[in-house]
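Below is one structure, written out as structure tokens; comments come after it.
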Amino acid sequence: MPSDWQAVENAVSEATGRPFRVASSRPVGGGCINQAAVIEGCGQRFFIKLNSAALLPMFAAEADGLRAILETGTVRAPQPLACGCSGGEAWLVLEYLEFGAGGPAAATRLGERLAAMHATPGEYFGWHRDNTIGSTAQRNAPTGDWIGFYREQRLGFQLALAAENGAPGRLLDSGRELQERLPQFFQGYSPTPSLLHGDLWGGNWEATGDGEPVIFDPAVYCGDREADIAMTELFGGFGPAFYEAYDSALPLDAGYQTRRTLYNLYHVLNHFNLFGGGYAGQARHSIDELLASVR
């Protein structure tokens, strides 16, 4: 926790228009990148994330991403209130939300509202700033070329990191071949830019006590909406109610079943770059499967 709360208190007071002083702080878990706590005082309660001062741009980009989601008026996200540095630490203060049991009804609402968010058109692929996926840099240079964007700023970036991190040569060679063959996965399908959460696995959504779905910890950019849906399936899935509601509101193209593996490869490679271990084998298996489908 910061050695001096004054900068946090002043920033929150300015953002809310109400005096705020920290009377208590309670550490909470749930993440492997940042420290987090619930802070209370003056009849108010907030959620705060903390990390080293060098990572202030990561928090600033997260706040921008949350605001972008909220501006669509579709799915709920925590309101960012303030971010800054004090005592050698960066911090991001968010609206505090009390979560409860979600269930199928909340999953249905999430499917409907995520579809509405994805239906909001973007001007280009990418975003106005870079951000992070986990703690890895995520490049978002704007472009009108989705295939080129995914080839260079997603797969290419992660493969270059994997080479630095000692990935097997076969994985890297197959990955480069996959980059060359990317257009084959988009025959008859032309994605349009949609605002994406960017890191939408099961740990990054909850429901409030009244069943309102909330998404958080985004890695926002504009891309093919299939990339968000693919990520929901990577670590266990969101349940049938979510997928039925989403597909009813905004049906997926038949080629999604193949592109799902392509889009999740980005996250598998990122996990190798963050954690190593068996993710190299998982990435190689995915690449082999994808190449076999277009050879």
Side-chain angles (χ1 to χ4, degrees), residues 31-33 58 125-127 130-141 143 145-187 189 191 196-204 217-238 243 252-253 255-295:
C32 60
I33 297 171
M58 177 182 73
F125 299 109
W127 206 33
D130 293 339
N131 50 17
T132 57
I133 180 71
S135 58
T136 306
Q138 180 168 266
R139 305 303 184 208
N140 295 315
T143 177
D145 176 13
W146 171 248
I147 294 175
F149 177 88
Y150 198 73
R151 178 193 293 121
E152 302 304 327
Q153 300 193 58
R154 293 296 180 262
L155 292 184
F157 186 80
Q158 290 289 343
L159 286 167
L161 285 180
E164 294 175 8
N165 290 324
R170 181 186 165 196
L171 186 158
L172 299 172
D173 291 342
S174 297
R176 294 183 188 106
E177 181 182 351
L178 179 64
Q179 285 182 276
E180 294 173 2
R181 292 179 177 269
L182 273 186
Q184 294 176 253
F185 294 93
F186 294 89
Q187 293 177 357
Y189 176 69
L196 307 185
H197 176 283
D199 193 12
L200 194 57
W201 68 290
N204 283 348
D217 292 350
V220 160
Y221 67 101
C222 289
D224 182 1
R225 65 190 178 94
E226 290 184 351
D228 254 1
I229 300 303
M231 181 60 170
T232 69
E233 299 194 64
L234 184 56
F235 298 118
F238 279 33
Y243 297 105
L252 292 164
D253 181 83
Y256 164 73
Q257 297 303 320
T258 297
R259 288 187 294 270
R260 172 179 57 193
T261 303
L262 176 66
Y263 288 142
N264 282 340
L265 176 61
Y266 172 61
H267 299 289
V268 174
L269 286 169
N270 187 49
H271 274 64
F272 168 75
N273 286 317
L274 289 172
F275 309 116
Y279 289 109
Q282 185 178 349
R284 190 177 69 188
H285 176 78
S286 296
I287 292 170
D288 289 346
E289 178 184 315
L290 288 162
L291 290 174
S293 72
V294 293
R295 279 176 177 155

Practice problem: Applying ring-ring contact (aromatic ring centres under 6.0 Å, His included), run through Phe125 and Tyr150 and close with a yes or a no. | Solution: CA-CA 9 Å; Phe125 299 109; Tyr150 198 73; over 10 Å; no
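The salt bridge (Lys or Arg N to Asp or Glu O under 4.0 Å) test applied to Arg151 returns no partner, not counting sequence neighbours. With sequence neighbours excluded, the residues forming a side-chain contact (heavy atoms from CB on, under 4.5 Å) with Asp130 are Arg139, Asn140, listed by chain and number. With sequence neighbours excluded, no residue forms a side-chain hydrogen bond (donor to acceptor under 3.5 Å, both in side chains) with Gln153. Annotation: ring-ring contact (aromatic ring centres under 6.0 Å, His included) contacts of Phe157 (sequence neighbours excluded): none. Every residue meeting the side-chain hydrogen bond (donor to acceptor under 3.5 Å, both in side chains) condition with Asp228, not counting sequence neighbours, appears here in chain and number order: His118. Every residue meeting the side-chain contact (heavy atoms from CB on, under 4.5 Å) condition with Ala219, not counting sequence neighbours, appears here in chain and number order: Ile133, Gln138, Asp199. For Glu177, the salt bridge (Lys or Arg N to Asp or Glu O under 4.0 Å) partners are Arg181, Arg295, not counting sequence neighbours. Taking Asp288 as the reference, Arg170 meet the salt bridge (Lys or Arg N to Asp or Glu O under 4.0 Å) condition, with sequence neighbours excluded. Under the side-chain hydrogen bond (donor to acceptor under 3.5 Å, both in side chains) criterion, Asn270 pairs with Thr136, Gln158, sequence neighbours left out. Considering only residues two or more places apart in sequence or on other chains, Phe272 meets the ring-ring contact (aromatic ring centres under 6.0 Å, His included) condition with none of them. By the side-chain hydrogen bond (donor to acceptor under 3.5 Å, both in side chains) test, Gln187 is found to be paired with no residue, residues two or more places apart in sequence or in another chain being considered.
Taking the ring centre of Phe185 as origin, the terminal cationic atom of Arg259 falls outside the region bounded by 6.0 Å and 45° from the ring axis. With Tyr221 as the aromatic partner, Arg154 meets the cation-pi criteria of under 6.0 angstrom to the ring centre and within 45 degrees of the ring axis.
Comment: Arg260 does not engage Glu226 in a salt bridge, judged by the lack of any side-chain N to carboxylate O separation of less than 4.0 angstrom.
Residue pairs meeting the ring pair (Phe, Tyr, Trp, His ring centres under 6.0 Å) criterion with at least one partner in residues 276-295, sequence neighbours excluded, are His271-Tyr279.
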